[in-house]
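Any value given below was found using the heavy atoms of this structure, including those in side chains, with hydrogens, waters and symmetry copies removed. Index from 1, following the sequence. Please read these numbers as outputs of a predicted model, since none were measured by experiment.
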Amino acid sequence: MKLLLAKWAAMVITATNVIIGTPTVTVVAADLMVYPTRVVMTDKQRAAQVDIINAGESQATYKIIMVRRRMTDTGDFQEVTTPEKGERFADEVVKYSPRQVTLLPGGGQTVRILFKAPPDLEAGEYRSHLLFTRSAPAIAKLPEKDDEPGVIKMNIVANVGVSIPVIARHGDLQAGASIVPWSVTLSGEKQQVLSFTMLRSGTRSVYGDVAVYRGQEKVAEGKGFAIYTPNTVRKVSLVVSENSRLRSGDAVRLVFTERNEKKPLAETAVVLP
(Lines give C-alpha, C1' and ligand atoms only; values in the text may rest on other atoms or scores of the structure.)
Protein backbone atom coordinates (compact mmCIF):
# COMPACT_ATOMS: atom_id res chain seq x y z
CA MET A 1 0.00 0.00 0.00
CA LYS A 2 2.87 2.39 0.75
CA LEU A 3 4.20 1.81 -2.76
CA LEU A 4 0.77 2.50 -4.25
CA LEU A 5 0.41 5.76 -2.30
CA ALA A 6 3.89 6.87 -3.28
CA LYS A 7 3.15 6.76 -7.01
CA TRP A 8 0.02 8.92 -6.92
CA ALA A 9 -0.31 11.78 -9.32
CA ALA A 10 -3.92 11.63 -8.32
CA MET A 11 -7.22 13.44 -8.52
CA VAL A 12 -8.67 14.08 -5.05
CA ILE A 13 -12.27 14.94 -4.29
CA THR A 14 -12.35 16.57 -0.84
CA ALA A 15 -15.38 17.39 1.25
CA THR A 16 -16.24 19.29 4.40
CA ASN A 17 -19.28 19.61 6.64
CA VAL A 18 -21.49 22.51 5.65
CA ILE A 19 -24.27 23.83 7.90
CA ILE A 20 -26.93 25.91 6.19
CA GLY A 21 -29.30 28.23 8.03
CA THR A 22 -32.65 27.08 9.35
CA PRO A 23 -33.59 24.33 8.80
CA THR A 24 -30.08 22.94 9.37
CA VAL A 25 -28.67 20.77 6.61
CA THR A 26 -25.36 18.94 6.90
CA VAL A 27 -23.75 17.93 3.60
CA VAL A 28 -21.02 15.32 3.77
CA ALA A 29 -18.92 13.88 0.97
CA ALA A 30 -16.01 11.47 0.85
CA ASP A 31 -12.40 11.68 -0.27
CA LEU A 32 -11.50 9.60 -3.31
CA MET A 33 -8.18 9.17 -5.07
CA VAL A 34 -8.05 7.93 -8.67
CA TYR A 35 -5.02 7.06 -10.82
CA PRO A 36 -4.60 7.47 -13.73
CA THR A 37 -7.08 10.23 -14.57
CA ARG A 38 -7.27 9.25 -18.24
CA VAL A 39 -7.30 5.86 -20.00
CA VAL A 40 -6.44 5.26 -23.67
CA MET A 41 -6.59 1.81 -25.30
CA THR A 42 -5.79 0.76 -28.87
CA ASP A 43 -5.90 -2.34 -31.04
CA LYS A 44 -2.38 -3.16 -29.78
CA GLN A 45 -3.04 -2.29 -26.14
CA ARG A 46 -6.50 -3.52 -25.23
CA ALA A 47 -6.17 -3.79 -21.47
CA ALA A 48 -5.84 -1.07 -18.85
CA GLN A 49 -6.40 -0.56 -15.15
CA VAL A 50 -7.40 2.22 -12.79
CA ASP A 51 -6.49 2.26 -9.10
CA ILE A 52 -8.70 3.91 -6.50
CA ILE A 53 -8.08 4.62 -2.81
CA ASN A 54 -10.51 5.55 -0.08
CA ALA A 55 -8.72 8.56 1.47
CA GLY A 56 -11.52 9.17 3.94
CA GLU A 57 -11.73 8.26 7.60
CA SER A 58 -14.52 5.70 7.36
CA GLN A 59 -15.43 2.65 5.33
CA ALA A 60 -17.12 3.53 2.04
CA THR A 61 -18.85 1.75 -0.82
CA TYR A 62 -18.32 3.06 -4.35
CA LYS A 63 -20.42 2.34 -7.40
CA ILE A 64 -18.60 2.32 -10.76
CA ILE A 65 -20.57 3.01 -13.93
CA MET A 66 -19.93 4.14 -17.52
CA VAL A 67 -21.55 7.43 -18.55
CA ARG A 68 -21.63 9.42 -21.77
CA ARG A 69 -20.27 12.97 -21.75
CA ARG A 70 -19.99 15.62 -24.47
CA MET A 71 -17.24 18.26 -24.40
CA THR A 72 -18.11 21.87 -25.17
CA ASP A 73 -15.87 24.37 -26.97
CA THR A 74 -14.76 25.72 -23.58
CA GLY A 75 -13.78 22.30 -22.21
CA ASP A 76 -16.82 21.72 -20.01
CA PHE A 77 -18.71 18.41 -20.09
CA GLN A 78 -22.41 17.80 -20.59
CA GLU A 79 -24.46 14.65 -20.21
CA VAL A 80 -25.37 13.04 -23.52
CA THR A 81 -29.03 12.17 -23.88
CA THR A 82 -29.23 12.03 -27.69
CA PRO A 83 -26.03 11.16 -29.61
CA GLU A 84 -24.95 13.60 -32.29
CA LYS A 85 -23.34 12.83 -35.64
CA GLY A 86 -19.81 11.51 -35.26
CA GLU A 87 -20.11 10.61 -31.56
CA ARG A 88 -18.90 7.12 -30.69
CA PHE A 89 -19.08 5.74 -27.15
CA ALA A 90 -16.69 3.38 -25.42
CA ASP A 91 -19.37 1.78 -23.26
CA GLU A 92 -20.37 -0.16 -26.39
CA VAL A 93 -16.94 -1.80 -26.78
CA VAL A 94 -15.38 -1.69 -23.29
CA LYS A 95 -15.88 -4.07 -20.37
CA TYR A 96 -14.73 -3.40 -16.82
CA SER A 97 -14.76 -5.01 -13.40
CA PRO A 98 -15.71 -4.67 -10.57
CA ARG A 99 -18.87 -2.57 -10.68
CA GLN A 100 -18.94 -1.87 -6.94
CA VAL A 101 -16.34 -1.98 -4.16
CA THR A 102 -16.30 -1.46 -0.41
CA LEU A 103 -13.07 0.00 0.95
CA LEU A 104 -11.75 0.51 4.46
CA PRO A 105 -10.02 3.83 5.19
CA GLY A 106 -6.81 3.84 3.16
CA GLY A 107 -7.93 0.75 1.30
CA GLY A 108 -7.43 0.43 -2.46
CA GLN A 109 -8.91 -1.44 -5.40
CA THR A 110 -7.84 -2.01 -9.00
CA VAL A 111 -10.50 -1.64 -11.70
CA ARG A 112 -9.62 -3.67 -14.78
CA ILE A 113 -10.72 -2.44 -18.20
CA LEU A 114 -10.80 -4.40 -21.47
CA PHE A 115 -11.34 -3.15 -25.03
CA LYS A 116 -13.30 -5.81 -26.96
CA ALA A 117 -13.57 -4.79 -30.62
CA PRO A 118 -15.99 -6.89 -32.71
CA PRO A 119 -14.81 -7.90 -36.21
CA ASP A 120 -17.13 -5.41 -37.94
CA LEU A 121 -16.30 -2.43 -35.70
CA GLU A 122 -16.02 0.83 -37.63
CA ALA A 123 -12.63 2.54 -37.41
CA GLY A 124 -12.62 5.54 -35.08
CA GLU A 125 -12.27 6.75 -31.53
CA TYR A 126 -14.77 5.64 -28.91
CA ARG A 127 -15.06 7.54 -25.60
CA SER A 128 -17.12 7.26 -22.45
CA HIS A 129 -16.38 8.25 -18.86
CA LEU A 130 -15.87 5.96 -15.88
CA LEU A 131 -17.81 7.46 -12.97
CA PHE A 132 -17.05 6.64 -9.34
CA THR A 133 -19.72 7.60 -6.80
CA ARG A 134 -19.92 6.90 -3.10
CA SER A 135 -23.08 5.15 -1.97
CA ALA A 136 -24.86 6.97 0.84
CA PRO A 137 -25.31 4.90 4.02
CA ALA A 138 -28.79 3.51 4.60
CA ILE A 139 -29.16 5.49 7.84
CA ALA A 140 -27.33 8.75 8.36
CA LYS A 141 -26.43 10.02 11.82
CA LEU A 142 -29.46 11.75 13.29
CA PRO A 143 -29.06 15.37 14.42
CA GLU A 144 -28.94 16.07 18.14
CA LYS A 145 -32.29 16.71 19.78
CA ASP A 146 -33.27 20.36 19.81
CA ASP A 147 -36.29 21.67 21.67
CA GLU A 148 -36.43 24.91 19.65
CA PRO A 149 -39.96 25.03 18.20
CA GLY A 150 -40.46 25.51 14.48
CA VAL A 151 -36.94 24.30 13.60
CA ILE A 152 -36.50 21.32 11.30
CA LYS A 153 -33.11 19.60 11.26
CA MET A 154 -31.87 17.02 8.79
CA ASN A 155 -28.62 15.25 8.03
CA ILE A 156 -28.18 14.75 4.28
CA VAL A 157 -25.28 12.74 2.88
CA ALA A 158 -24.37 14.09 -0.56
CA ASN A 159 -23.37 11.68 -3.30
CA VAL A 160 -20.21 13.16 -4.82
CA GLY A 161 -18.49 11.46 -7.75
CA VAL A 162 -15.46 11.75 -9.99
CA SER A 163 -15.25 10.66 -13.61
CA ILE A 164 -12.34 9.99 -15.95
CA PRO A 165 -12.36 9.55 -19.75
CA VAL A 166 -11.94 6.04 -21.14
CA ILE A 167 -10.90 6.05 -24.80
CA ALA A 168 -10.76 3.10 -27.20
CA ARG A 169 -9.11 3.68 -30.61
CA HIS A 170 -9.72 1.28 -33.48
CA GLY A 171 -7.93 1.46 -36.82
CA ASP A 172 -5.15 3.67 -38.15
CA LEU A 173 -6.13 7.04 -36.67
CA GLN A 174 -4.35 10.35 -37.18
CA ALA A 175 -4.79 13.83 -35.75
CA GLY A 176 -3.59 17.34 -36.43
CA ALA A 177 -3.95 20.62 -34.56
CA SER A 178 -3.44 24.31 -35.17
CA ILE A 179 -3.63 27.57 -33.24
CA VAL A 180 -5.54 30.37 -34.98
CA PRO A 181 -3.16 33.39 -35.01
CA TRP A 182 -5.84 36.10 -35.28
CA SER A 183 -7.74 34.64 -32.31
CA VAL A 184 -4.98 35.52 -29.83
CA THR A 185 -6.08 38.27 -27.43
CA LEU A 186 -4.76 39.71 -24.17
CA SER A 187 -7.16 40.92 -21.47
CA GLY A 188 -7.17 41.88 -17.81
CA GLU A 189 -5.22 44.45 -15.87
CA LYS A 190 -4.41 43.07 -12.43
CA GLN A 191 -4.36 39.50 -13.75
CA GLN A 192 -3.61 39.13 -17.45
CA VAL A 193 -5.29 36.38 -19.46
CA LEU A 194 -4.15 35.24 -22.90
CA SER A 195 -6.99 33.71 -24.92
CA PHE A 196 -6.94 31.89 -28.25
CA THR A 197 -8.64 29.20 -30.32
CA MET A 198 -7.26 25.76 -31.12
CA LEU A 199 -8.48 23.59 -34.00
CA ARG A 200 -8.38 19.81 -34.32
CA SER A 201 -8.41 17.76 -37.51
CA GLY A 202 -8.21 14.06 -38.27
CA THR A 203 -9.81 10.95 -36.82
CA ARG A 204 -8.77 11.00 -33.16
CA SER A 205 -8.71 13.43 -30.25
CA VAL A 206 -5.69 15.41 -29.09
CA TYR A 207 -4.51 15.89 -25.51
CA GLY A 208 -1.51 17.80 -24.25
CA ASP A 209 0.02 20.95 -22.81
CA VAL A 210 0.15 24.55 -24.03
CA ALA A 211 3.01 26.98 -23.39
CA VAL A 212 3.46 30.64 -24.37
CA TYR A 213 6.94 32.13 -24.85
CA ARG A 214 8.28 35.65 -25.21
CA GLY A 215 11.68 34.93 -26.66
CA GLN A 216 13.05 32.16 -24.43
CA GLU A 217 10.92 33.20 -21.45
CA LYS A 218 7.87 31.06 -20.67
CA VAL A 219 5.16 33.54 -19.70
CA ALA A 220 2.14 31.22 -19.42
CA GLU A 221 1.30 27.54 -19.56
CA GLY A 222 -1.62 25.19 -19.22
CA LYS A 223 -1.64 21.44 -18.76
CA GLY A 224 -4.07 18.75 -19.86
CA PHE A 225 -5.94 20.46 -22.70
CA ALA A 226 -8.04 18.15 -24.87
CA ILE A 227 -10.15 18.39 -27.99
CA TYR A 228 -12.25 15.23 -28.03
CA THR A 229 -13.92 13.86 -31.14
CA PRO A 230 -16.11 14.90 -32.83
CA ASN A 231 -15.22 18.43 -31.64
CA THR A 232 -12.93 20.46 -33.88
CA VAL A 233 -12.69 23.68 -31.82
CA ARG A 234 -11.40 24.47 -28.32
CA LYS A 235 -11.27 27.92 -26.77
CA VAL A 236 -8.30 28.26 -24.41
CA SER A 237 -7.50 30.87 -21.76
CA LEU A 238 -4.18 31.00 -19.89
CA VAL A 239 -3.22 33.18 -16.94
CA VAL A 240 -0.01 35.11 -17.58
CA SER A 241 2.65 34.85 -14.86
CA GLU A 242 2.70 37.88 -12.53
CA ASN A 243 6.44 38.24 -13.15
CA SER A 244 6.05 38.18 -16.93
CA ARG A 245 3.44 40.80 -17.79
CA LEU A 246 2.79 41.21 -21.49
CA ARG A 247 2.34 44.44 -23.43
CA SER A 248 0.89 45.45 -26.76
CA GLY A 249 3.54 44.89 -29.43
CA ASP A 250 5.17 41.93 -27.66
CA ALA A 251 6.01 39.01 -29.95
CA VAL A 252 4.86 35.70 -28.45
CA ARG A 253 5.01 32.09 -29.57
CA LEU A 254 2.25 29.62 -28.65
CA VAL A 255 3.10 25.92 -28.62
CA PHE A 256 0.85 22.86 -28.13
CA THR A 257 2.58 19.52 -27.48
CA GLU A 258 0.80 16.21 -27.00
CA ARG A 259 1.60 14.24 -23.87
CA ASN A 260 4.66 12.00 -24.12
CA GLU A 261 5.73 13.72 -27.34
CA LYS A 262 8.69 16.05 -27.87
CA LYS A 263 7.76 17.62 -31.20
CA PRO A 264 4.97 20.24 -31.00
CA LEU A 265 1.74 19.35 -32.77
CA ALA A 266 0.75 23.01 -33.21
CA GLU A 267 2.71 26.25 -33.06
CA THR A 268 2.16 29.86 -34.04
CA ALA A 269 3.86 33.23 -33.51
CA VAL A 270 2.00 36.53 -33.22
CA VAL A 271 2.53 40.15 -32.24
CA LEU A 272 0.04 41.19 -29.57
CA PRO A 273 -2.32 43.96 -30.72
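- A donor-acceptor contact closer than 3.5 angstrom is absent between the side chains of Asp76 and Gln78.
- Counting all heavy atoms, side chain and backbone alike, Thr37 lies closest to Pro165 at O-CD, 3.5 Å.
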- Would you please test Asp209 and Arg259 for salt bridge (Lys or Arg N to Asp or Glu O under 4.0 Å) and show each step? CA-CA 7 Å; Asp209 307 323; Arg259 284 288 172 89; 3.0 Å; yes
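- Residues Arg200 and Arg234 are not in side-chain contact: their nearest non-hydrogen atoms beyond the backbone lie 4.5 Å or more apart.
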- Item | Residue pair Asn260, Glu258: steps toward the side chain to side chain donor-acceptor pair (under 3.5 Å) verdict | CA-CA 6 Å; Asn260 303 319; Glu258 285 197 287; over 6 Å; no
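- Residue Tyr207 is not grouped with residue Ile164 when hydrophobic side chains (ILVMFWY) are merged at heavy-atom distances under 4.5 angstrom, including chains of intermediate members.
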- Message: Would Arg247 and Leu186 count as a side-chain contact (heavy atoms from CB on, under 4.5 Å) here? Give the steps.
- Response: CA-CA 9 Å; Arg247 299 176 298 274; Leu186 181 66; over 6 Å; no
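- Evaluated for a salt bridge (Lys or Arg N to Asp or Glu O under 4.0 Å) with Glu125, the options Arg169, Arg204, Arg88 yield exactly one hit, Arg169.
- Residues Leu130 and Val39 have side chains not in contact (no heavy-atom distance under 4.5 Å, counting atoms from C-beta outward).
- Cation-pi geometry between Arg127 and Tyr228 is satisfied (NZ or CZ under 6.0 Å from the ring centre, within 45° of the ring normal).
- His170 contributes a side-chain N or O that, together with a main-chain N or O of Leu121, makes up a donor-acceptor pair within less than 3.5 Å.
- In this structure the side chain of Val271 never reaches within 4.5 angstrom of the side chain of Asp250, judged on heavy atoms.
- Residue Ser237 comes nearest to Val193 through the heavy atom pair CB-CG1, 3.8 Å, listed as atom of the first residue, atom of the second, then distance.
- Hydrophobic clustering places Val236 together with Leu246 (ILVMFWY residues linked when any side-chain heavy atoms are closer than 4.5 Å, directly or through intermediates).
- In this structure the side chain of Leu272 never reaches within 4.5 angstrom of the side chain of Ser248, judged on heavy atoms.
- Pairs engaging residues 69-122 under the ring pair (Phe, Tyr, Trp, His ring centres under 6.0 Å) rule: Phe77-His129 [sequence neighbours left out].
- With a 4.5 Å cut-off on side-chain heavy atoms, Glu84 and Pro230 do not count as touching.
- Two different hydrophobic clusters hold Met41 and Val206 under the rule that ILVMFWY side chains link at heavy-atom gaps under 4.5 Å.
- Heavy atoms only, all atoms of each residue included: Ser205 and Arg38 are closest at OG-NH2, 4.3 Å.
- Taken to the nearest 0.5 Å, the NZ atom of Lys263 stands 11.5 Å off from the OG1 atom of Thr257.
- Side-chain contact between Phe132 and Val50: present, with at least one pair of heavy atoms (C-beta onward) separated by less than 4.5 Å.
- Within the model, atoms CD of Glu87 and CE of Met71 stand 12.5 Å from one another, a figure rounded to the nearest 0.5 Å.
- Atom CD of residue Glu242 and atom CD of residue Gln191 lie 7.5 Å apart, to the nearest 0.5 angstrom.
- Between Glu79 and Val67 the shortest side-chain heavy-atom distance does not fall below 4.5 Å.
- Interatomic distance, Thr197 OG1 to Trp182 CH2, rounded to the nearest 0.5 Å: 10.0 Å.
- Annotation: side chain of Asn54 is in contact with side chain of Tyr62 (closest heavy-atom distance under 4.5 Å).
- Hydrophobic cluster membership differs between Ile65 and Val80, with clusters built from Ile, Leu, Val, Met, Phe, Trp and Tyr side chains linked at under 4.5 angstrom.
- Here Glu92 pairs with Arg68 under the side chain to side chain contact (heavy atoms under 4.5 Å, CB included) rule; sequence neighbours left out.
- Summarising the geometry, atom CG belonging to Asn231 is positioned 8.0 Å from atom OG1 belonging to Thr72; distances are rounded to the nearest 0.5 Å.
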- Query: Given Ile227 and Thr232, is the side-chain contact (heavy atoms from CB on, under 4.5 Å) satisfied, shown in steps?
  - Reply: CA-CA 7 Å; Ile227 308 179; Thr232 58; 5.9 Å; no
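- With sequence neighbours left out, the side-chain hydrogen bond (donor to acceptor under 3.5 Å, both in side chains) criterion links Ser244 to Glu217.
- Listed here is the closest heavy atom pair of Pro181 and Thr268: CG-OG1, 3.5 Å.
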- Task: Please lay out, stage by stage, how Gln192 and Val219 fare under the test side-chain contact (heavy atoms from CB on, under 4.5 Å).
- Result: CA-CA 11 Å; Gln192 291 186 319; Val219 299; over 6 Å; no
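- In this structure, CG on Leu238 lies 6.5 Å from CG on Leu194, to the nearest 0.5 angstrom.
- Connection of Ile167 to Val93 is not established within any shared hydrophobic cluster, with ILVMFWY side chains joined at heavy-atom distances below 4.5 Å, either directly or through further cluster members.
- For the pair Arg214 and Arg245, the tightest heavy-atom approach, listed with the atom from each and the gap, is NH1-O, 2.8 Å.
- Between the side chains of Thr61 and Thr102, at least one donor N or O lies within less than 3.5 Å of an accepting N or O.
- A donor-acceptor pair shorter than 3.5 Å cannot be found between the side chains of Ser241 and Asn243.
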- Message: As a quick check of understanding, evaluate side-chain contact (heavy atoms from CB on, under 4.5 Å) for Ser128 and Val94, giving each step before the final call.
- Response: CA-CA 9 Å; Ser128 294; Val94 166; over 6 Å; no
